[in-house]
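Read the numbers this way: they start at 1 and go in the same order the structure lists the ligands and their atoms. All heavy atoms count here, side chains included; hydrogens, waters and symmetry mates do not. Count residues from 1 along the sequence.
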Amino acid sequence: MKVICGATICDGSGGPLRQGEVVLDGDVIAEIVAPGYCATADAEVIDGAGMLLAPGFIDAHAHSETKMLQHPENRTKLLQGVTTEVNGNCGSSPSCVPHDDGDFRWQSLAGYAALLDSLRPGLNSMTLCGHNSVRAAVMGNDQRAPTAAEMAKMKALLAAALADGAAGFSTGLIYFPGKFSSVVELIELASLLKGTSKVYATHMRSEGDDLEAALAEALAIASSAACRLQLSHLKTNSERNWHKLPAVLARIEAARAAGMEVFADRYPYVYSCTNLRQALPAPYDLMPGIQQYLRDSAEHQAEVVAALSRSQRDVAATILMESALRGRTLGDVATERGISVGQLCMELIMAAPGQHAAFLGMSETNMREILRQPWVCAGSDNVSLQLDDANDFGHPRAVGTFPVFFHMVAEALGPAEAVRKMTSLPAAVFNIPRRGLIKPGYVADLVLFSPEHYASHADYAGNNQAPEGVQMVMVAGKTAWDARRPDDVGRHGHFIPIPAR
Ligand SMILES: [Zn+2]
């Protein structure tokens, strides 16, 4: 038996904070008792004085599936207090299709899960089955509708992943090859969710100019599959679309009022982060061979430079995230080199179209409004990074989402509601068994943290140092991380298969 005493309990339900002691029996929470119990108990006492004790945080939107095989500790998330990651978002779930990269091999999600468990991850992982991974496995990057035989193969892969415990079906409809799919294809695939408690999670076809049509498509798919809908990183991208937020929120509220279960996740930053090639307007955005196309001729290059002036993105304000230029804007680098922003962007895409960049396009006011919605949970939209590796650099959301989200929401709605959006809300959306609450019978995934000191200092210039303020993280009743022994990570996580109901 263990007992955590002295802490203020924030149980994840959104209810009031209270004083009490939490008794653990093995990997579960046994009971919550009045202060004073630990003085008499025959148990290992964990001192939580001055701290908030919360359920371990759940990252509703992660991309760490393959990274966790190379670096199972996943310290970037653990040190924020995260104990479970929902992976496989935005249509990308390598775990759900046959895989062999020389180092790691699996045939199915069950095989991936066994492999991950054998590597003893620092925190729990679960996954959605991603449409892009399934479509690419069956029909590559083909820009066409699937044949009946291909559709049958895609359905078989999705069905197998769901049977192996995938939490639902995810799409990333701005990426290859998902952007080539029609709503008919997506409805047919999502129909496998019918009658289950699994979720359709979508990075919508547009988050800006065609946001309302994209939302209508997402609602139509979830409605015809009679399943729960999770809108990934909900936003209104590009200043000219910021005014759309009231209409978008009203549309979601109307669907909820009509009985649909609609939720969303959001990271608390106004820069997004994706491939630099996403700066390209049509028709170049649909060109899988863009790198070769640019290398082919100077005319092609000039054409793309001209096209970049029609980009929906603020190209000059875009921050480069890789190479020696990381942390700098395209505008600054272009000025320094005496070339146009379009020319520089084209050259960088020609060198490496998949390199990551941070795009400025979101409104701070809208972000805060979105975060306040009771159905919006925290999601980093990031892979775990290696804190001690200066070359493993990314968007500050990788290291800072949870502290920044906590403070932004707590400022508006109080700490209990902030914690609910980081715990029981995502646990309900993704149907995660016995997690997200401090409640007898629930798994003892817990975080002890100091709200005053809980902070991230990560930025866009390459500073990905560890967040502060977390004193202790427990996974299944065992110490996963303790600030007094910061170099040790106890690896007690595992793959969580999600039941159908
Ligand atoms: Zn996404």
- Contact check, side chains of Q386 and R75, non-hydrogen atoms, under 4.5 Å: no

- Task: Name all residues meeting the side-chain hydrogen bond (donor to acceptor under 3.5 Å, both in side chains) criterion together with Q292; count only those two or more places apart in sequence or in a different chain, and write none if there are none.
- Result: D296

- What's within reach of the Zn ion (ligand 1), meaning protein N/O/S atoms under 2.8 Å? C90 SG, H203 ND1, H233 NE2

- Are side-chain heavy atoms of L371 and P268 found at a separation under 4.5 Å? yes

- Without swapping roles, check the side chain of H395 against the backbone of R397 for a donor-acceptor pair under 3.5 Å. yes

- Task: Please tell me if the side chains of N366 and K235 come closer than 4.5 Å, counting only heavy atoms from C-beta onward.
- Result: no

- Task: State, with a plain yes or no, whether a side-chain heavy atom of L425 is found less than 4.5 Å away from one of F263.
- Result: yes

